[in-house]
Amino acid sequence: MRFLFIGAGGIGCYYGARLQLQGHQVCYLARGEHLQALQQNGLQVSHPDLSFNQPVDAVDIDSLQRQYPCNSFDLILLTLKAGATAAILQQLKDWLHTAEVPVLSLQNGVDNEPLIEQALGRPRTLGGLAVRIGGHIIAPGQIEATGPAQVVMGSWPNQSSDQACNPSTLEPIVDVLNQAGIPTRLSADIRHELWRKLLINNGVNPLSALTRLDTRSLTSHPTYGKTVYRMMQEVAAVSVADDVILSKQDVDEMFELISSFDAIKTSMLVDKEKGRPLELDGISGAVLQRAVQLGIDVPNTELVHALLQQQE
Ligand SMILES: NC(=O)C1=CN([C@@H]2O[C@H](COP(=O)(O)OP(=O)(O)OC[C@H]3O[C@@H](n4cnc5c(N)ncnc54)[C@H](OP(=O)(O)O)[C@@H]3O)[C@@H](O)[C@H]2O)C=CC1
Ligand SMILES: CC(C)(CO)C(=O)C(=O)O
């Protein structure tokens with residue numbers, strides 16, 4: 001199959017490397033020094049179970065639109081930060097409209113798929129999650145990743161919605177990902193899964209960027225651990241704004257999952273350390289926006305978000 005990764009960061013490059021090793025055609029939309037390194041020296045990915053060091057196909061946005069018809073890809077994956085989704089969809093709008101290729105977001109947050117749907121329509125919109133992976137650019141052209149790195153994906157907003165992509169068309173993609181060593185499952189209700197993941201991301205990402213602690217140090221800390229749990233509860237409280245119900249069991253399961261996962265730096269902590277913009281709007285901002293809409297108080301999320309915004 002032919003894959004385009006829009007965003008050649010930790011997530012895009014890890015999954016792309018797995019697919020390339022399996023013989024699939026992989027192209028990355030990238031920019032800056034990282035693009036130059038990918039073009040000149042290839043991509044290096046180091047993971048406990050994978051060592052990749054090969055030339056790759058990487059292009060900037062102009063070359064992509066000039067050299068590749070949109071229908072030369074079978075799947076387009078969005079693997080940049082949530083704050084960049086609207087702009088890239090706008091920049092590539094005409095090019096994306098020349099074909100019917102589905103677009104799968106593997107980003108954190110719950111507001112990416114609605115943007116894809118708005119730009120390209122529901123049948124082309126696929127929701128997805130990168131699960132139990134920590135992956136980051138450590139130098140131009142070089143990625144370090146850890147974790148079993150699963151994928152959960154499905155038709156947006158769920159399988160039974162009017163006009164949602166027929167799940168039978170997704171099964172071959174799921175098979176290809178599994179064969180490439182990416183444990184992947186199809187979800188009948190991807191919006192619910194995205195909100196379950198937001199429990200974790202709102203719980204640990206902003207607080208890790210504030211405290212500069214990894215996930216294990218945060219969740220096992222006597223005070224911060226409680227705040228993580230409360231920030232997860234706040235996600236559950238606002239999820240009803242999107243017609244999603246998250247139970248206490250969902251919160252407990254996600255708290256357990258992140259507490260028992262490897263001690264990793266969250267993607268937001270990595271951005272903080274590098275002085276890059278934080279994915280705040282897509283994570284705590286999404287919770288705050290729903291809280292305002294519902295007239296609910298989410299004091300922990302509000303405070304952590306405000307403290308980080310002040311530092312930006
Ligand atoms: N990293 C992780 O461990 C995990 C991340 N996620 C989620 O996955 C998504 C991707 O994260 P991650 O891989 O860390 O992201 P990164 O920030 O590492 O990578 C995104 C890449 O996209 C590039 N980019 C942004 N805009 C453009 C553009 N217009 N044209 C070309 N390139 C562009 C960035 O370049 P530049 O540096 O120049 O901005 C960067 O190289 C996020 O939503 C994140 O929350 C989910 C699970 C774990
Ligand atoms: C859950 C976690 C912390 C790792 O998968 C993540 O999604 C991130 O770092 O953004």
Side-chain angles (χ1 to χ4, degrees), residues 4-16 27-38 43 45 47 58-65 77-92 104-113 128-152 194 196-209 213-216 218-219 228 232 254-255 257-283 286:
L4 170 65
F5 285 87
I6 298 189
I11 295 300
C13 288
Y14 172 80
Y15 291 122
C27 179
Y28 300 95
L29 171 66
R31 66 182 179 188
E33 274 191 298
H34 186 52
L35 170 62
Q36 264 181 9
L38 292 172
L43 169 65
V45 178
H47 177 278
V59 288
D60 65 19
I61 194 159
D62 292 333
S63 311
L64 174 71
Q65 295 174 94
L77 298 101
L78 284 190
T79 46
L80 27 66
K81 292 278 159 48
T85 304
I88 202 78
L89 287 171
Q90 180 58 34
Q91 280 175 284
L92 289 174
L104 168 66
S105 163
L106 286 185
Q107 301 157 283
N108 282 332
V110 291
D111 293 321
N112 299 295
E113 289 77 6
L129 299 170
V131 183
R132 297 177 74 205
I133 174 170
H136 309 290
I137 299 174
I138 51 165
Q142 293 177 31
I143 305 294
E144 203 168 74
T146 189
Q150 299 142 337
V151 164
V152 181
L194 284 159
R196 261 170 71 90
K197 175 92 195 280
L198 188 62
L199 290 169
I200 291 186
N201 291 124
N202 193 57
V204 293
N205 290 28
L207 202 55
S208 72
L213 292 175
D214 66 50
T215 48
R216 184 74 61 77
L218 262 188
T219 50
V228 168
M232 290 184 166
M254 291 296 113
F255 186 79
L257 195 154
I258 194 64
S259 307
S260 58
F261 187 43
D262 304 353
I264 55 160
K265 285 187 183 181
T266 67
S267 51
M268 202 179 277
L269 173 53
V270 170
D271 285 340
K272 182 79 184 165
E273 287 179 346
K274 291 183 176 169
R276 301 176 71 214
L278 304 187
E279 212 175 19
L280 275 180
D281 286 348
I283 296 180

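Along the sequence shown, the residues carry numbers beginning at 1. Order of listing sets the numbers, starting from 1, for every ligand and every atom in it.
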Do [X] and [Y] make a side-chain contact, defined as non-hydrogen atoms from C-beta onward lying under 4.5 Å apart?
| X | Y | result |
| --- | --- | --- |
| Thr146 | Ile264 | yes |
| Thr266 | Leu218 | no |
| Asn202 | Met232 | no |
| Tyr15 | Leu77 | no |
| Asp271 | Lys81 | yes |
| Ser208 | Lys272 | no |
| Leu280 | Met268 | yes |
| Ile88 | Ile61 | yes |

Would you mind checking which non-hydrogen protein atom is closest to [atom], with the distance to 0.1 Å?
| atom | value |
| --- | --- |
| atom 28 (C) of ligand 1 | Arg31 NH1, 3.6 Å |
| atom 3 (O) of ligand 1 | Gly135 N, 2.9 Å |
| atom 9 (O) of ligand 2 | Ser267 N, 2.8 Å |
| atom 4 (C) of ligand 2 | Ile133 O, 3.3 Å |
| atom 9 (C) of ligand 1 | Leu80 O, 3.8 Å |
| atom 4 (C) of ligand 1 | Ile11 CD1, 3.4 Å |
| atom 7 (C) of ligand 1 | Asn108 ND2, 3.5 Å |
| atom 19 (O) of ligand 1 | Gly9 CA, 3.1 Å |
| atom 11 (O) of ligand 1 | Lys81 CE, 3.6 Å |

Proximity to ligand 2 by part of Thr266, non-hydrogen separation under 4.0 Å: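 Both backbone and side chain.
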Contact partition for Lys197 relative to ligand 2, non-hydrogen atoms under 4.0 Å: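 Side chain only.
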For [X], take its heavy atoms, then give the atoms of ligand 2 lying under 4.0 Å from any of them.
| X | value |
| --- | --- |
| Ile200 | 1 (C) |
| Asn108 | 6 (C), 7 (O), 8 (C), 10 (O) |
| Ile264 | 4 (C) |

Considering all heavy atoms of both residues, which atom of [X] and which atom of [Y] are nearest to each other, and what is their separation?
| X | Y | value |
| --- | --- | --- |
| Ser267 | Asn108 | OG-ND2, 4.3 Å |
| Gly282 | Ala82 | CA-CB, 4.3 Å |
| Thr79 | Gly7 | OG1-O, 2.6 Å |
| Leu38 | Gly141 | CD2-CA, 4.0 Å |
| Phe255 | Thr219 | CZ-O, 4.0 Å |
| Tyr14 | Ala149 | CE2-CB, 3.3 Å |

Within reach of ligand 1, part of Ile6 (heavy-atom separation under 4.0 Å):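 Neither part.
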Mode of His136 contact toward ligand 1 - side chain, backbone, both, neither (heavy atoms, under 4.0 Å):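 His136 to ligand 1: side-chain contact only, backbone stays beyond 4.0 Å.
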Can you name the atoms of ligand 1, numbered from 1 with element, that are less than 4.0 Å from a heavy atom of [X]?
| X | answer |
| --- | --- |
| Thr79 | 10 (C), 20 (C) |
| Ile137 | 41 (O) |
| Leu106 | 8 (O) |
| Ile88 | 28 (C), 29 (N) |
| Gly134 | 3 (O) |
| Gly10 | 13 (O), 18 (O) |
| Ile133 | 3 (O), 48 (C) |

Evaluating non-hydrogen atoms only, which member of [options] is closest to [atom]?
| atom | options | value |
| --- | --- | --- |
| atom 36 (P) of ligand 1 | Gln107, His34, Lys197, Arg276 | Arg276 |
| atom 31 (C) of ligand 1 | Gly7, Ala30, Ala145 | Ala30 |
| atom 7 (O) of ligand 2 | Leu198, Leu218, Asn201, Leu257 | Asn201 |

N or O pair under 3.5 Å between [X] and ligand 1:
| X | answer |
| --- | --- |
| Glu279 | yes |
| Gly12 | no |
| Ala84 | no |

Test of proximity, Thr215 against ligand 2: N or O pairs below 3.5 Å: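 The answer is no, given that Thr215 and ligand 2 share no N or O pair closer than 3.5 Å.
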CD (Glu33) with more than 12 external heavy atoms under 6.0 Å: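 Result for CD/Glu33: open.
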Polar contact flag, side-chain donor to acceptor under 3.5 angstrom, Asp60-Ser63: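 Note: Asp60 and Ser63 side chains meet the donor-acceptor criterion.
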Asn112 and Leu194: CA distance, side-chain angles, deciding distance, side-chain contact (heavy atoms from CB on, under 4.5 Å) verdict: CA-CA 10 Å; Asn112 299 295; Leu194 284 159; over 6 Å; no
